[in-house]
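Below you'll find the structure, written out as structure tokens, and then a few comments.
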Amino acid sequence: MTGLRLWTKRTAIALLAATGIAGAGVARAEDAVRLRLNWMWYGSHAAFALGKDKGFFKDAGIDLDIRSGNGSGSAHRLVANGDSTFSYGSCASMVNLVAKGAPLISVAVIDAMGTDAIIVRPDAGVSKITDLKGKKILTTANAGVNTFFPLVLKNAGLSDSDIGVTNVPDGAIVSSYLQGAGGTVGILGGLDDKPAEILANGGKPPVTFAYSDFGVNQIGYCIVTTKKLLADNPDLVKRFVGATIKSYKAAEANPQAAVDAMADIVGGSMAEDAGKQQALAVEKVTLGILYSKANKDKVLGLNVPADWNDMLDLMKKYNGLETKDAASAFYTNDFLPK
């Protein structure tokens with residue numbers, strides 16, 4: 001073997017060895033991702049905790065930081081301004097923001113049907129929605145449940161001025177409801193979490209008026225990000241959506257494991273038996289509305305065109321939504337697992 005050939009062979013071996021050492025010793029850096037929830041931790045969020053606990057996001061190359069929120073509108077705004085990478089919150093709330101210029105888009109639907117409702121104390125003497133005339137209720141300023149409330153009133157034969165609405169901080173809404181703060185008799189909230197929270201805090205089963213009973217058929221909650229992220233890092237969006245879908249499928253298969261994972265993250269009363277029981281009840285409501293009637297093939301996460309068309313029509317007709325964009329401009333299914 002000539003000196004040149006020997007040098008070439010040795011050089012090649014050295015390069016291969018160096019490459020192998022580098023590949024074995026340096027893992028791909030994980031993408032730091034902040035997920036902003038619509039609210040403080042509750043049962044509907046348990047699947048995210050399960051995915052983090054089981055390493056689904058880590059396996060997708062994601063270092064996931066899950067943060068609680070202060071209403072859907074606030075969560076989506078934090079994504080729009082760059083504080084958070086993705087949000088989980090009301091689809092209708094996102095549409096309102098996009099119509100005002102926020103560069104947001106839905107990359108997956110989780111709660112395919114809404115659970116918004118008027119929730120009233122059983123001692124308030126309210127048996128039908130019109131009994132609320134002249135009474136006061138509570139809500140939180142940025143809550144997605146506020147979006148279609150005017151439409152519910154209109155379809156029930158009431159006007160905005162018939163019911164007084166008072167805003168309170170998110171953490172105080174159930175305690176204020178139980179106390180009848182300021183002479184209020186109820187709250188605007190989700191059937192997925194508020195009745196369970198009321199019972200857990202010593203309240204009696206409330207009287208509820210689901211928005212869906214008053215002509216409001218809406219999509220529930222979306223996974224939202226910026227259009228810029230779609231353009232700049234579509235692979236990250238695909239990996240995050242894939243890990244999220246995997247997490248919710250795992251929660252469907254074992255709801256209790258998801259609640260336990262959330263308890264490990266949150267701790268406190270959430271880790272106690274009563275807290276877990278409440279969270280499980282809430283989670284099961286969410287798991288029961290993952291697929292809309294129009295999602296014939298039950299594709300988890302699917303933005304169903306018919307559902308989006310219906311919701312935008314409602315928002316334009318009754319909620320003052322002003323947009324020239326078609327419904328398809330507010331969502332994409334390009335990042336769902338194939």
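The residues of the chain are indexed from 1 along the displayed sequence. Note that the structure is predicted; figures quoted are calculated from it, not measured.
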Contact check, side chains of Tyr88 and Asp111, non-hydrogen atoms, under 4.5 Å: yes
Within a 6.0 Å radius of atom NZ on Lys338, are there more than 12 heavy atoms belonging to other residues, nucleotides or ligands? yes
Run the numbers on Glu30 and Ile62 for side chain to side chain contact (heavy atoms under 4.5 Å, CB included), then give the verdict. CA-CA 5 Å; Glu30 294 178 350; Ile62 292 171; over 6 Å; no
Nearest non-hydrogen partners of Ala80 and Ala102, listed with the distance: CB-CB, 4.5 Å
Is the NZ atom of Lys135 crowded by more than 12 outside heavy atoms at less than 6.0 Å? yes
Please report the closest heavy-atom contact between Met315 and Ala92, naming both atoms and the distance. CE-O, 3.5 Å
Quick check against the 3.5 Å criterion: does Asn38 have a side-chain atom that pairs as donor or acceptor with the backbone of Gly71? no
For the ring pair (Phe, Tyr, Trp, His ring centres under 6.0 Å) test, which of Phe57, Phe335, Phe48 pairs with Phe240? Phe57
How long is the gap from OG on Ser93 to CG on Leu97, to the nearest 0.5 Å? 5.0 Å
Taking the side chain from Asp192 and the backbone from Thr286, do they hold a donor-acceptor pair closer than 3.5 Å? no
Within the distance-only criterion (no hydrogens, no angle test), does the side chain of Asp264 pair as donor or acceptor with the backbone N or O of Ala261 below 3.5 angstrom? no
Flag yes if more than 12 heavy atoms outside Asp273 fall under 6.0 Å of its CG atom; otherwise flag no. no
Determine whether Met270 and Leu199 fall in the same hydrophobic cluster, where Ile, Leu, Val, Met, Phe, Trp and Tyr are linked whenever their side-chain heavy atoms lie under 4.5 Å apart. no
Lys/Arg N to Asp/Glu carboxylate O, Asp65 vs Arg67, below 4.0 Å: yes
Is any side-chain heavy atom of Pro206 less than 4.5 Å from a side-chain heavy atom of Val120? no
Can you label the angle between the Tyr42 ring and the His45 ring as parallel, tilted or perpendicular, going by 30° and 60°? tilted
Gln218 and its side chain to side chain contact (heavy atoms under 4.5 Å, CB included) partner, picked from Leu314, Asp116, Thr147: Asp116
Taking every heavy atom of Gln256 against every heavy atom of Leu280, the minimum-distance pair comes out as OE1-CD2, 3.4 Å
So how far is it from Leu138 CG to Thr166 OG1, rounded to the nearest 0.5 Å? 6.0 Å
For the side chain of Asn146 and the backbone of Ala143, is there at least one donor-acceptor N/O pair under 3.5 Å apart? yes
Looking at Arg36 and Thr85, would you say the former's side chain and the latter's main chain have a donor-acceptor pair under 3.5 Å? no
Does atom NZ (Lys227) have a neighbourhood of more than 12 heavy atoms from anything else shown, all under 6.0 Å? yes
Salt bridge or not between Lys316 and Asp313? Use side-chain N to carboxylate O under 4.0 Å. no
Run the side chain to side chain contact (heavy atoms under 4.5 Å, CB included) check on Lys249 and Leu300 step by step: do they pass? CA-CA 8 Å; Lys249 286 184 176 179; Leu300 185 54; 3.5 Å; yes
Please confirm whether the backbone N or O of Asp334 pairs with a side-chain atom of Thr332, one donor and one acceptor, at under 3.5 Å? yes
Under the 3.5 angstrom rule, does the side chain of Lys154 hit a backbone N or O of Ser159 as a donor-acceptor pair? no
Would you say that Leu178 contacts Ile198 through its side chain, given a criterion of any heavy-atom pair below 4.5 Å between the two side chains? yes
Working note: Thr115 + Ile289, criterion side chain to side chain contact (heavy atoms under 4.5 Å, CB included); need CA distance, chi angles, decisive distance, verdict. CA-CA 9 Å; Thr115 60; Ile289 56 173; 3.3 Å; yes
If we ignore hydrogens and angles and just use 3.5 Å, is the side chain of Asp325 paired with the main-chain N or O of Ala329 as donor and acceptor? no
Would you name the heavy atoms of Leu158 and Thr130 that are closest together and state the gap between them? CD1-CA, 4.3 Å
All heavy atoms of Ser72 vs all of Ser90, minimum pair found to be OG-N, 2.9 Å
Out of curiosity, Leu336 CG to Lys238 NZ, how far, rounded to the nearest 0.5 Å? 10.5 Å
Would Tyr291 end up clustered with Tyr221 when hydrophobic side chains under 4.5 Å apart are linked, directly or stepwise? yes
On a heavy-atom basis, which atom in Ala124 and which in Val185 lie closest, and how many Å separate them? CB-CB, 3.7 Å
Salt bridge Asp83-Arg77, side-chain N to carboxylate O under 4.0 Å: no
Tell me, do Cys91 and Trp308 make a side-chain contact under 4.5 Å, heavy atoms counted? yes
For residues Leu50 and Met262, determine if any side-chain heavy atom of one lies less than 4.5 Å from a side-chain heavy atom of the other. no
Hey, are the side chains of Met311 and Asn217 touching, using non-hydrogen atoms and a 4.5 Å cut-off? no
Applying the side chain to side chain contact (heavy atoms under 4.5 Å, CB included) criterion to Ile219, which one of Val304, Val109, Val95 satisfies it? Val109
Answer yes if Ile105 and Leu35 sit in the same cluster of Ile, Leu, Val, Met, Phe, Trp and Tyr residues linked by side chain heavy atoms under 4.5 Å apart, and no otherwise. yes
Measuring from atom CG of Asp260 to atom CG of Asp53, what distance do you get when rounded to the nearest 0.5 angstrom? 9.0 Å
Go through it in stages, so that I can follow the logic: the residues are Ile66 and Leu64, the test is side chain to side chain contact (heavy atoms under 4.5 Å, CB included), and I'd like the CA-CA distance, side-chain angles, deciding distance and then a yes or no. CA-CA 6 Å; Ile66 307 174; Leu64 183 61; 3.7 Å; yes
Examine Leu78 and Ile110 and state if one hydrophobic cluster contains both, with Ile, Leu, Val, Met, Phe, Trp and Tyr joined whenever side-chain heavy atoms are less than 4.5 Å apart. no
Report the distance from atom OG of Ser269 to atom NZ of Lys276, rounding to the nearest 0.5 Å. 12.0 Å
What is the distance from atom NZ of Lys324 to atom CD of Glu322, rounded to the nearest 0.5 Å? 10.5 Å
Pick from Leu153, Ile163, Val126, Asp162: which one makes a side chain to side chain contact (heavy atoms under 4.5 Å, CB included) with Lys133? Asp162
Donor-acceptor under 3.5 Å (Asn155 side chain, Phe214 main chain): yes
Take Asp307 and Lys293 through the salt bridge (Lys or Arg N to Asp or Glu O under 4.0 Å) test and state the conclusion after the steps. CA-CA 9 Å; Asp307 293 340; Lys293 294 179 180 178; over 6 Å; no
In this structure, would Val174 and Leu191 fall into the same cluster of hydrophobic residues linked by side-chain contacts under 4.5 Å? no
With the side chain counted from C-beta on, respond yes when Trp39 and Ser44 share a heavy-atom pair under 4.5 Å apart, and no when they do not. no
With the side chain counted from C-beta on, respond yes when Thr244 and Phe86 share a heavy-atom pair under 4.5 Å apart, and no when they do not. no
Sidechain-backbone polar pair: Asn233 side chain, Leu229 backbone, donor-acceptor under 3.5 Å: no
